[in-house]
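Everything on this sheet refers to the single structure shown next.
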Amino acid sequence: MPGALAHIRYAFLVRLRRPLHAAAGLLATVALSLGLAGCESGGISRTVHIAERPIWTAGNSWTYRGRGPNGAYTVTRKVLSEGIFEGRDCYQIEAGDARYWYTKQLGYLARTSGDKTVRLAAPPEDWQWPLQVGKQWSATVTWTDQGEQERTFVLTGVWLVETYEEVKTPAGTFKAFKVSRREVESGASQEFWYSPEARGWVKIRGTNTADGNYEEELTAYTAR
């Protein structure tokens, strides 16, 4: 089931360039002391965790162990290149036999097969950076599936950065932002655990999606 993220209208992922981009691109979690802004009182220090937008480079990859309606599977998602698609700066991602295009904001833009666009999102459902617990946004997207018959449907996704927590996976233990997405029309939902260290998703879960329920965990990654 290598397309588990594809059906979610939001599939997955990829990452980074060094020197000049190290500070911003590392997606490092930035701990900001609110005490500096006079928000520290009674000796209690509060910390806000922030994840900046990642910068991905060709060769970055993430391998997942998943389980869905058709049983267990393994999928590797790899950044092939950067390029222009539909007039936008994008990353081209390989996932099994499929090819995906994501914006630099990690918004799902398209799935292609050879020279043919199989699915297109307009506008792409971009993530809103930086991530911070409590942040919310929504996006209404027109999806076009181009099979034997072209189908178009409109979906609104409501997003929430719920928590910043520790997540254990086969690839290790990570501090991650749990981000949920709910489709208003269908009631389908997805949960993404985004790790600044891994520069990508370390765990993903889908419920009542078009392809059923599924869950994926990171088993290995390369993020330069």
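A distance below 6.0 Å separates the ring centres of Tyr164 and Phe177. Checked against the 6.0 Å centroid threshold, Phe174 and Trp201 do not count as a close aromatic pair.
Side-chain N or O atoms of Lys203 include none that pairs as donor or acceptor with a backbone N or O of Glu215 at under 3.5 Å. Proximity of a side-chain donor or acceptor of Glu52 to a complementary backbone N or O of Trp129 within less than 3.5 Å is not detected. Side-chain N or O atoms of Ser113 include none that pairs as donor or acceptor with a backbone N or O of Lys116 at under 3.5 Å.
The two atoms that bring Leu120 and Ala110 nearest to each other are CD1-CB, 4.1 Å, heavy atoms only. Pro196 approaches Lys175 most closely through the heavy-atom pair CD-O, 3.6 Å. Summarising the geometry of Ala58 relative to Leu80, their closest heavy-atom pair is CB-O, 3.5 Å, with the distance given to 0.1 Å. Here the closest non-hydrogen pair linking Asp211 and Pro69 is O-CG, 3.1 Å. Smallest separation of non-hydrogen atoms from Ala188 and Asn208: CB-O, 3.2 Å.
Under a hydrophobic clustering in which Ile, Leu, Val, Met, Phe, Trp and Tyr are joined whenever their side-chain heavy atoms come within less than 4.5 Å, directly or via other members, Leu160 and Trp193 fall into different clusters. In the hydrophobic cluster analysis, where Ile, Leu, Val, Met, Phe, Trp and Tyr join through side-chain heavy atoms closer than 4.5 angstrom, Trp137 is grouped together with Phe192. One hydrophobic cluster holds both Val141 and Phe153 under the rule that ILVMFWY side chains link at heavy-atom gaps under 4.5 Å. Under a hydrophobic clustering in which Ile, Leu, Val, Met, Phe, Trp and Tyr are joined whenever their side-chain heavy atoms come within less than 4.5 Å, directly or via other members, Val118 and Ile93 fall into different clusters.
The shortest side-chain heavy-atom distance between Tyr108 and Trp127 does not fall under the 4.5 Å cut-off. Ile204 places a side-chain heavy atom less than 4.5 Å from the side chain of Tyr214. For the pair Tyr100 and Tyr91, the minimum side-chain heavy-atom distance is 4.5 Å or more. Proximity of Tyr64 to Tyr221: side-chain heavy atoms (C-beta onward) are nowhere separated by under 4.5 Å. Within the 4.5 Å cutoff, no side-chain heavy atoms of Gln132 are placed close to those of Val161. The side-chain heavy atoms of Trp62 and Leu218, taken from C-beta on, include a pair separated by under 4.5 Å.
Annotation: the span from Cys90 atom SG to Gln105 atom CD amounts to 11.0 Å, rounded to 0.5 Å. With rounding to the nearest 0.5 angstrom, the CD atom of Gln136 is 9.0 Å from the OG atom of Ser180. Remark: Glu216 CD to Thr169 OG1 distance equals 12.5 Å, nearest 0.5 Å. Between the OG1 atom in Thr140 and the CD atom in Glu125 there is a gap of 8.5 Å [rounded to 0.5 Å]. For the atom pair CZ (Arg205) and CD (Glu191), the distance works out to 5.0 Å, reported to the nearest 0.5 Å. If you take CZ on Arg53 and CG on Leu106, they are separated by 8.0 Å, rounding to the nearest 0.5 Å.
A salt bridge (Lys or Arg N to Asp or Glu O under 4.0 Å) check over residues 151-165, counting only residues at least two apart or in different chains, returns the pairs Asp145-Arg151, Glu162-Lys178.
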Please step through side-chain contact (heavy atoms from CB on, under 4.5 Å) for the pair Gln128 and Lys135, ending with a clear verdict.
CA-CA 9 Å; Gln128 301 299 308; Lys135 188 170 187 175; 4.0 Å; yes
What do the steps show when you test Arg181 against Glu183 for salt bridge (charged side-chain N to carboxylate O under 4.0 Å, His left out), and what is the final call?
CA-CA 7 Å; Arg181 174 186 180 273; Glu183 285 182 3; 3.2 Å; yes
Mind running side-chain contact (heavy atoms from CB on, under 4.5 Å) on Tyr102 and Leu109 for me, showing each step along the way?
CA-CA 5 Å; Tyr102 288 85; Leu109 179 58; over 6 Å; no
Starting from the C-alpha separation in whole Å, work towards a yes-or-no answer on side-chain contact (heavy atoms from CB on, under 4.5 Å) for Thr74 and Thr63.
CA-CA 7 Å; Thr74 299; Thr63 299; 3.8 Å; yes
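Remark: the Asp126 side chain and the Thr103 side chain contain an N/O donor-acceptor pair separated by less than 3.5 Å.
Applying the side-chain contact (heavy atoms from CB on, under 4.5 Å) criterion to Thr112, with sequence neighbours excluded, gives Phe85, Arg99, Trp101, Thr117. Evaluation of the side-chain contact (heavy atoms from CB on, under 4.5 Å) rule for Glu150 yields Thr144, Gln146, Thr152 as partners, not counting sequence neighbours. A search for side-chain contact (heavy atoms from CB on, under 4.5 Å) contacts involving Arg65 returns Pro170, Glu217, Thr219, not counting sequence neighbours. For Asp89, the side-chain contact (heavy atoms from CB on, under 4.5 Å) partners two or more places apart in sequence, or in a different chain, are Ile84, Lys104.
Val154 forms part of no hydrophobic cluster, judged by ILVMFWY side-chain heavy-atom separations under 4.5 Å.
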